[in-house]
Number of protein chains: 2
Amino acid sequence: MARPPANVAPGQIREQIIVAALHLFTQRGYFNTSVPDMARTAQVSVGSIYHHFKDKEDVARALYLSLMEGMQSELAHIAANHATAAGRCRAVIAMLFELTESSREAMDFMLYAKHREFLPGERPVCSSQPFETMRDFVQQGMDRGEIRRMDVMVASASLFGGALRLITARLDGVLAEPLPDQLELVWECAWRSIAA
Amino acid sequence: MARPPANVAPGQIREQIIVAALHLFTQRGYFNTSVPDMARTAQVSVGSIYHHFKDKEDVARALYLSLMEGMQSELAHIAANHATAAGRCRAVIAMLFELTESSREAMDFMLYAKHREFLPGERPVCSSQPFETMRDFVQQGMDRGEIRRMDVMVASASLFGGALRLITARLDGVLAEPLPDQLELVWECAWRSIAA
DNA sequence: ATATTATGAACGAACGATCATTCGAAACTA
DNA sequence: TAGTTTCGAATGATCGTTCGTTCATAATAT
């Protein structure tokens, strides 16, 4: 068994390909991106992409799962550091706002891409693990009496809907100022809508 | 001058093609739909599609503009029948909820499709005319003292974000009950978030 | 009224371009 | 040397689009 070359870190080529894919997928979309495009941007050969991934779809899936995993670990970190639903949900919105500014493409691909069209079999975003965790936060807030009793889906949509909508506006270039500047205002509105 | 055959209404073929396109685009997506697919579903020939439309993109654009026009006229109707911002915005959410149930595919294509990927040159949804009209309703509500003074974009996102998020949940099949059943609850949350 | 011509809607096989994928050879590592 | 990684030209399939043709009807001529 030969090891990967020593002058490149293991997994580095995979990472280059995934980063290039993220860039192209968010810029032009999955279907407007050819595999040779990905090879050129990642500065590797077409054959190398097929050595590391089963096919084009497999690249998109690896990218998607990796981003979802990162998001889920952020949520776990928030759950560990905040006890109340208010604290947790506010931290979630703050995290989403900061991620939108610091990793614009990642947020675009996670929240805005139509995965069903190129990743058949994956569940829709709003029934993915991160979104379920966010609903858990809301449910626990209702159990603790912080949040008015109501349908959990409606409560979650009300609490996070405004922030998520602002994020898509920002990604579309309709919003000029950085999102974190609006955090206080957005959170006040969001919490008012469902607070007990 | 030859007229179209009398046994088919004028513009009926165009309509068949657009309806088929809406069905296929929402079901499989624009790029997973071939022109022969559209011809088969619309029960016309490929050549006929190219007789009525410049190209595949032109079909999508005609569909998009037609749906946007319908939405805009709904908003005009609401503006004419309601004086207050609260009345208007509540009517908007009610209308969106009803449209989601009665014209699921139309709502899916209008709100959920990534038009930028196949309709270059069209403005993003959230800066389209209907969305601007909705922001106007909010702005006027602030001028009238119904809504707290704040950034209009944030206020609009807070007011409509929850409803729009619930609509995508419904379109993704995550929500079981018809949306209009939740109207009262959703509106109460939405209005609380920004009411003066 | 009847025959003839003109018009453009509808058709679908065929074309050229592009795409995802393969594969045999070269390059490199251990 | 043996095993792995990289390469990119070649392949086969698919897609959007074109275009020569057919045909029903309207307009015109007889």
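Remember, it's a predicted structure, so these values are computed and weren't measured experimentally. Numbered from 1 within each chain, the chains take letters A, B, ... in sequence-line order.
- Atom CG in A/Leu24 sits about 12 Å away from atom P in C/dA20, given to the nearest Å.
- Salt-bridge check for A/Glu184 with A/Arg90: passed, with a basic side-chain N closer than 4.0 Å to an acidic carboxylate O.
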Anything under 3.5 Å between a donor and an acceptor, one on a side chain of residues 120-130 of chain B, the other on a protein residue two or more places apart or in another chain? List them.
unit_1	atom_1	unit_2	atom_2	d
B/Glu122	OE2	B/Arg61	NE	3.1
B/Ser127	OG	B/Pro124	O	3.2
B/Ser128	OG	B/Val125	O	2.5

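- For the contact set between residues 29-59 of chain A and DNA chain D, defined by any heavy atom under 4.0 Å, the members are A/Val44, A/Ser45, A/Gly47, A/Ser48, A/His51, A/His52.
- Note: B/Ile49 CD1 to B/Ile17 CD1 = 5.0 Å, rounded to the nearest 0.5 Å.
- For the pair A/Phe131 and A/Leu75, the minimum side-chain heavy-atom distance is 4.5 Å or more.
- For the pair A/Lys56 and A/Tyr30, the distance from NZ or CZ to the six-membered ring centre is under 6.0 Å and the angle to the ring normal is within 45 degrees.
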